[in-house]
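Notes follow the structure.
Just so you know, these numbers use all the heavy atoms, side chains as well, and skip hydrogens, waters and symmetry mates.
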Amino acid sequence: MINELKCMYEAYIAKSLDVRKKAPLFAGILGLGSDPRKHPCHEEFYEAALAWTEKFVGSQPSAEVAMEAASYILEAPEPERERDAFWFLWVAVGNIRSLIPFLTNEDCKVLMDRFDQLYKKRDRMPVQAETYKMLKKAAK
């Protein structure tokens with residue numbers, strides 16, 4: 001299932017880059033034209049990420065596999081920071097919350113440390129703040 005996750009993320013990133021590439025130069029600026037940031041591929045990715053997470057949780061993954069998935073989900077947004085895909089990848093970090101019951105206390109600590117390394121506290125949206133808070137509670 002991890003390969004399915006990675007393929008889904010890679011396909012989404014490629015699609016969002018393609019949408020941006022094919023958009024007119026000033027698309028979306030001042031509300032003109034079709035804004036590539038509002039393309040349906042973004043919402044489709046988010047829905048697919050939710051469905052994958054539900055299916056993954058239903059498979060009762062081992063702590064090791066859950067940690068691999070959580071790490072991937074957490075780290076995926078960073079390389080896309082300057083691209084349109086970043087925001088939906090960033091929101092999808094909230095899917096880690098569903099994986100926490102499968103993680104060890106140590107895994108949660110590692111994820112918290114990685115979270116702090118990658119994303120400043122002031123840049124976190126409520127979904128990331130809640131995810132971090134849940135990791136912290138589970139790390140105890």
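- Without hydrogens or angle criteria, R83 side chain to E80 main chain gives no donor-acceptor distance under 3.5 Å.
- Using a 4.5 Å heavy-atom cutoff, the side chains of F102 and M67 are not in contact.
- Using a 4.0 Å cut-off between charged nitrogen and carboxylate oxygen, K55 and E4 count as a salt-bridge pair.
- In this structure, E78 places its CD atom where more than 12 heavy-atom neighbours from other residues, nucleotides or ligands lie under 6.0 Å away.
- In this structure, D116 pairs ionically with R124, as a charged nitrogen and a carboxylate oxygen lie closer than 4.0 Å.
- Using modelled atom types, no side-chain atom of Y132 and backbone atom of K121 make a donor-acceptor pair closer than 3.5 Å.
- Between L99 and A69 the shortest heavy-atom distance is CD1-CB, 4.1 Å.
- When side chains are defined from C-beta on, E68 counts as touching K6, because their heavy atoms get closer than 4.5 Å.
- Taking 4.0 Å as the cut-off between side-chain N and carboxylate O, R114 and E75 count as a salt-bridged pair.
- One distance of note links NZ of K133 with CZ of R97; it measures 12.0 Å at 0.5 Å rounding.
- In this structure, the separation between CG on L103 and OG on S62 is 10.0 Å, given to the nearest 0.5 Å.
- The side-chain heavy atoms of Y46 and V91, taken from C-beta on, include a pair separated by under 4.5 Å.
- Taking the six-membered ring for Trp and thresholds of 30 and 60 degrees, F56 and W52 have nearly parallel ring planes, at less than 30 degrees apart.
- Here the side chains of L5 and M1 are not in contact, with every heavy-atom distance at 4.5 Å or above.
- Remark: the backbone N or O of P77 is not paired with any side-chain donor or acceptor of Y9 at under 3.5 angstrom.
- Summarising the geometry of A70 relative to L111, their closest heavy-atom pair is CB-CD1, 3.7 Å, with the distance given to 0.1 Å.
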Verdict with reasoning, I73 to L89, per side-chain contact (heavy atoms from CB on, under 4.5 Å): CA-CA 8 Å; I73 292 168; L89 294 169; over 6 Å; no
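- Between K109 and A139, the closest heavy-atom pair is CE-O, 3.2 Å.
- Counting all heavy atoms, side chain and backbone alike, R81 lies closest to Y119 at NH2-CD2, 3.3 Å.
- Among all heavy-atom pairs drawn from C41 and S16, the shortest one is SG-CA, 4.2 Å.
- In terms of modelled atom types and a separation under 3.5 Å, the side chain of N105 and the main chain of K140 share a donor-acceptor contact.
- Taking the six-membered ring where tryptophan is involved, the planes of F88 and Y12 are perpendicular, since the angle between them exceeds 60° and thus also 30°.
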Derivation of the side-chain contact (heavy atoms from CB on, under 4.5 Å) call for F115 and L74: CA-CA 7 Å; F115 217 115; L74 180 62; 3.4 Å; yes
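- The number of heavy atoms from other shown groups lying within 6.0 Å of CD (E54) does not exceed 12.
- Looking at V19 and H42, their side chains never come closer than 4.5 Å, going by heavy atoms from C-beta outward.
- Side-chain contact between D107 and I100: absent, with no pair of heavy atoms (C-beta onward) separated by less than 4.5 Å.
- Both L135 and M125 are part of a single hydrophobic cluster, where members link through side-chain heavy atoms under 4.5 Å apart.
- The closest side-chain donor-acceptor pair between N95 and S98, if any, does not fall under 3.5 angstrom.
- Cluster membership for W87 and V127, using ILVMFWY side-chain heavy atoms within less than 4.5 angstrom, is not shared.
- Taking OG1 of T131 as the reference point, atom CE of M112 lies at 12.5 Å (rounded to 0.5 Å).
- Contact of the F45 side chain with the I13 side chain is not registered, since no non-hydrogen atoms from C-beta on lie closer than 4.5 Å.
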